[in-house]
Engineer: 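Below is a structure I'd like to ask you about.
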Amino acid sequence: MFTTMAIPPTLPILTNRSKGPSVRYLQRLINLRLQDLGMISTISVLVDGVFGPETTMAVKYLQCVSGLPVNGKVKQTTWLFIAGGPSGLPMLSIGDNSTQVLAVQQTVLNAGISVLPDGCFGEETAIALKAYQHQKGLVVDGVVGPQTWNKVVRSRLQDLPCAALLPNPYRD
């Protein structure tokens, strides 16, 4: 089960070299999210209020596992995942086009189910997603909601491309 943490009422955009209490709060949330994902022994950040290389790497890793654009910037969508886990990710269904759709398609492909990884959620993706949901024992509805996101995120933890963002000693 994932922990959901409170999100500040105003979500500051944080980037490399940001400093202060918002960064300290982000760093605590990052460590809690990594703990929830079972990755805290592999990657964690020092809670020092400085958005440096270590925090940037952790943010990029969490962006990758959640299918967000991997840019190291903490904007609303990244805040929502870091604080809320899979329940902070948007529901995806037919008609959606995004990096998150592409991440789901890649996960479905890695599970041995044929789908075109183009970032466009069409009928083919819905059919493949239903097969993935069936394979994983989920409700088969062809929609990416919190339970499906949970499986997708967990499957992306050590798979490429996300594993390439981990510190060197932890890469295969």
Side-chain angles (χ1 to χ4, degrees), residues 1-14 22-45 47 55 57-111 113 115 117 119-121 125-126 128-159 161-163 165-166:
M1 177 151 199
F2 280 99
T3 306
T4 302
M5 286 70 84
I7 302 171
T10 53
L11 299 166
I13 295 174
L14 300 175
S22 292
V23 174
R24 271 192 297 283
Y25 183 65
L26 171 68
Q27 291 167 327
R28 282 193 296 275
L29 291 178
I30 287 170
N31 285 335
L32 287 170
R33 182 60 49 227
L34 291 168
Q35 183 176 347
D36 275 352
L37 294 170
M39 296 299 291
I40 197 71
S41 64
T42 303
I43 181 174
S44 63
V45 297
V47 179
T55 301
M57 178 179 48
V59 166
K60 286 181 174 182
Y61 178 72
L62 290 172
Q63 287 172 326
C64 185
V65 298
S66 64
L68 292 166
V70 179
N71 58 22
K73 295 177 184 175
V74 181
K75 296 181 180 179
Q76 182 174 356
T77 52
T78 300
W79 271 113
L80 291 173
F81 174 67
I82 291 173
S87 64
L89 295 172
M91 185 145 330
L92 299 176
S93 60
I94 290 178
D96 288 323
N97 299 292
S98 67
T99 59
Q100 290 182 304
V101 172
L102 180 60
V104 170
Q105 290 168 330
Q106 289 169 335
T107 302
V108 168
L109 262 176
N110 288 345
I113 300 165
V115 66
C120 299
F121 199 130
T125 297
L129 178 62
K130 286 178 182 179
Y132 176 81
Q133 289 170 325
H134 177 74
Q135 182 186 88
K136 300 299 179 184
L138 300 167
V139 172
V140 178
D141 59 5
V143 174
V144 184
Q147 298 304 315
T148 302
W149 268 125
N150 182 31
K151 292 287 185 188
V152 169
V153 166
R154 290 194 180 279
S155 73
R156 291 176 59 83
L157 291 175
Q158 305 228 2
D159 287 345
C162 301
L165 297 169
L166 291 171

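The analysis underlying the following values was restricted to heavy atoms, covering all of them including side chains, and did not include hydrogens, waters or symmetry mates.
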Engineer: Quick one: pull up CD1 in Ile94 and SG in Cys120 and give me the separation to the nearest 0.5 Å.
Structural biologist: 12.5 Å

Engineer: Which disulfide (SG to SG under 2.5 Å) pairs, counting each pair once, include a residue from residues 64-97, with sequence neighbours left out?
Structural biologist: Cys64-Cys162

Engineer: Measuring only between side-chain heavy atoms, which start at C-beta, is Gln147 closer than 4.5 Å to Val139?
Structural biologist: no

Engineer: Before giving the answer on side-chain contact (heavy atoms from CB on, under 4.5 Å), spell out for Leu138 and Lys151 the whole-Å C-alpha distance, their side-chain angles and the decisive distance to 0.1 Å.
Structural biologist: CA-CA 9 Å; Leu138 300 167; Lys151 292 287 185 188; 3.7 Å; yes

Engineer: So how far is it from Arg33 CZ to Ser44 OG, rounded to the nearest 0.5 Å?
Structural biologist: 15.5 Å

Engineer: Just do the side-chain contact (heavy atoms from CB on, under 4.5 Å) check on Val144 and Met91 with the steps written out, would you?
Structural biologist: CA-CA 5 Å; Val144 184; Met91 185 145 330; over 6 Å; no

Engineer: Filter on side chain to side chain donor-acceptor pair (under 3.5 Å), then keep only pairs touching residues 66-77, sequence neighbours left out; what's left?
Structural biologist: Gln63-Asn71

Engineer: Measure across Pro86 and Trp149 and return the closest heavy-atom pair with its distance rounded to 0.1 Å.
Structural biologist: CB-CB, 3.7 Å

Engineer: What are the two closest heavy atoms between Ser93 and Val143, and how far apart are they?
Structural biologist: CB-CG2, 4.3 Å

Engineer: I'd like to know if the side chain of Gln100 reaches the main chain of Leu92, judged simply by a donor and an acceptor atom lying under 3.5 Å from each other, with no hydrogens or angles considered.
Structural biologist: no

Engineer: Nearest 0.5 Å, please: how far is CG in Leu166 from CD1 in Ile43?
Structural biologist: 5.5 Å

Engineer: Apply side chain to side chain contact (heavy atoms under 4.5 Å, CB included) to Ala128 and list each qualifying residue two or more places apart in sequence or on a separate chain.
Structural biologist: Val108, Ile113, Val115

Engineer: What distance do Leu11 atom CG and Leu26 atom CG have between them, rounded to the nearest 0.5 Å?
Structural biologist: 11.0 Å

Engineer: Looking only at non-hydrogen atoms, find the nearest pair between Ala83 and Leu29 and report the distance.
Structural biologist: CB-CD1, 4.2 Å

Engineer: Can you list everything that forms a side chain to side chain contact (heavy atoms under 4.5 Å, CB included) with Val45? Sequence neighbours excluded, please.
Structural biologist: Gln27, Ile30, Asn31, Glu54, Thr55, Ala58

Engineer: Taking all heavy atoms of Trp79 and all of Pro12, pick out the closest pair and write down the distance.
Structural biologist: NE1-O, 2.8 Å

Engineer: Run the side chain to side chain contact (heavy atoms under 4.5 Å, CB included) test against Lys130 and tell me which residues pass, sequence neighbours left out.
Structural biologist: Gln133, Val140

Engineer: Quick test of your reading: applying side chain to side chain donor-acceptor pair (under 3.5 Å), list the pairs with at least one residue in residues 102-111, sequence neighbours left out, ordered by first then second residue.
Structural biologist: Gln105-Asp118, Gln105-Thr125, Gln106-Arg156

Engineer: Over all heavy atoms of both residues, which pair between Val65 and Leu37 is shortest? Give the atoms and the distance, please.
Structural biologist: CG2-CD1, 4.5 Å

Engineer: With rounding to the nearest 0.5 Å, note down the distance linking CG in Leu68 to CG in Leu89.
Structural biologist: 6.5 Å

Engineer: Between Val104 and Tyr132, is any pair of side-chain heavy atoms under 4.5 Å apart?
Structural biologist: no

Engineer: Distance check, rounded to the nearest 0.5 Å: Leu14 atom CG versus Thr78 atom OG1?
Structural biologist: 10.5 Å

Engineer: Can you list the residues that meet the side chain to side chain contact (heavy atoms under 4.5 Å, CB included) rule with Thr99, with sequence neighbours excluded?
Structural biologist: Pro69

